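Everything quoted here is computed from the prediction, not taken from an experiment.
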Amino acid sequence: MSQIAGEPGTQDFVEVRLPAAGAYLSVLRTATAGLAARLDFTLDEIEDLRIAVDEACAILLQQAVPGSVLSCVFRLIDDSLEVTVSAPTTDGRAPERDTFAWTVLSALAGKVDATVAEDRTVSISLYKQRGAGPGPA
């Protein structure tokens, strides 16, 4: 783990970069569970976060540029875990917010947001606070 210089509110971060292919999502699910456990999340919260990260990656992989890299940054902030998954996409569209997948993300993680960079990289951020329960915080 490393600290991010210039980000006073962020304590630690972990970045995992892997091929943008579904075969590698188990690595992210394992990393998610390990980091959430480090913050003393409950088993239910850990499972919710694992499913949310998996769903966010599934959304991105649908439009990821073939052969590209999926990046996942975990930021440990006090009693919260912020997870941002990013991938370069073919169309540079933010995920639709009225889909079942987005509803699942919102129910499992406290806050969910999506952004699109100028280079068509789409990022989905999840913010889960320990003890907040399911749904928006």
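Checked against side-chain hydrogen bond (donor to acceptor under 3.5 Å, both in side chains), E15 has the following partners two or more places apart in sequence or in another chain: S71. Applying the side-chain hydrogen bond (donor to acceptor under 3.5 Å, both in side chains) criterion to R120, with sequence neighbours excluded, gives no partner residue. Taking R93 as the reference, D91 meet the side-chain hydrogen bond (donor to acceptor under 3.5 Å, both in side chains) condition, with sequence neighbours excluded. Remark: T121 engages D119 in a side-chain hydrogen bond (donor to acceptor under 3.5 Å, both in side chains) (not counting sequence neighbours). The side chain to side chain contact (heavy atoms under 4.5 Å, CB included) test applied to D44 returns T42, not counting sequence neighbours.
How far CD of Q129 is from CZ of F41: 8.0 Å, rounded to the nearest 0.5 Å. With rounding to the nearest 0.5 Å, the separation of CZ in R130 from CG in L81 is 11.0 Å. If you take CG on L76 and CZ on F13, they are separated by 11.0 Å, rounding to the nearest 0.5 Å. Rounding to the nearest 0.5 Å gives a distance of 9.5 Å between CZ of R50 and OG of S26. With rounding to the nearest 0.5 Å, the separation of NZ in K111 from CG in L105 is 15.5 Å. Between atom CG of residue L70 and atom CG of residue L28 there is a gap of 6.0 Å, rounded to the nearest 0.5 Å.
Listed by first and then second residue, the salt bridge (Lys or Arg N to Asp or Glu O under 4.0 Å) pairs involving residues 53-69 are R29-D54 (not counting sequence neighbours).
S68 and V65 make their closest contact through OG-O, 2.6 Å (heavy atoms, listed as atom of the first residue, atom of the second, distance). Among all heavy-atom pairs drawn from V85 and C57, the shortest one is CG1-SG, 3.8 Å.
When hydrophobic clusters are built by joining Ile, Leu, Val, Met, Phe, Trp and Tyr residues whose side-chain heavy atoms come closer than 4.5 Å, directly or via intermediates, V14 is not grouped with V69. When hydrophobic clusters are built by joining Ile, Leu, Val, Met, Phe, Trp and Tyr residues whose side-chain heavy atoms come closer than 4.5 Å, directly or via intermediates, F74 is grouped together with V27.
Side chains of P95 and V122 form a contact here, defined as non-hydrogen atoms less than 4.5 Å apart. Within the 4.5 Å cutoff, the side chain of T99 has no heavy atoms near those of the I59 side chain. Residues Y127 and D113 have side chains not in contact (no heavy-atom distance under 4.5 Å, counting atoms from C-beta outward). Contact check for I46 versus D48: no side-chain heavy atoms found under the 4.5 Å cut-off. L108 has its side chain out of reach of L49: every pair of non-hydrogen atoms, C-beta onward, lies at least 4.5 Å apart. Looking at L61 and L25, their side chains come closer than 4.5 Å, going by heavy atoms from C-beta outward. When side chains are defined from C-beta on, V83 does not count as touching V73, because their heavy atoms never get closer than 4.5 Å. Residues E82 and L126 fail the side-chain proximity criterion, which asks for heavy atoms closer than 4.5 Å.
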Working for side-chain contact (heavy atoms from CB on, under 4.5 Å), residues I124 and L60: CA-CA 8 Å; I124 299 175; L60 287 178; 4.0 Å; yes
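Remark: R17 CZ is loosely packed, at most 12 non-hydrogen atoms of other residues, nucleotides or ligands lying under 6.0 Å away.
Classification of D79 and K128 as a salt-bridged pair fails, no side-chain N sitting under 4.0 Å from a carboxylate O.
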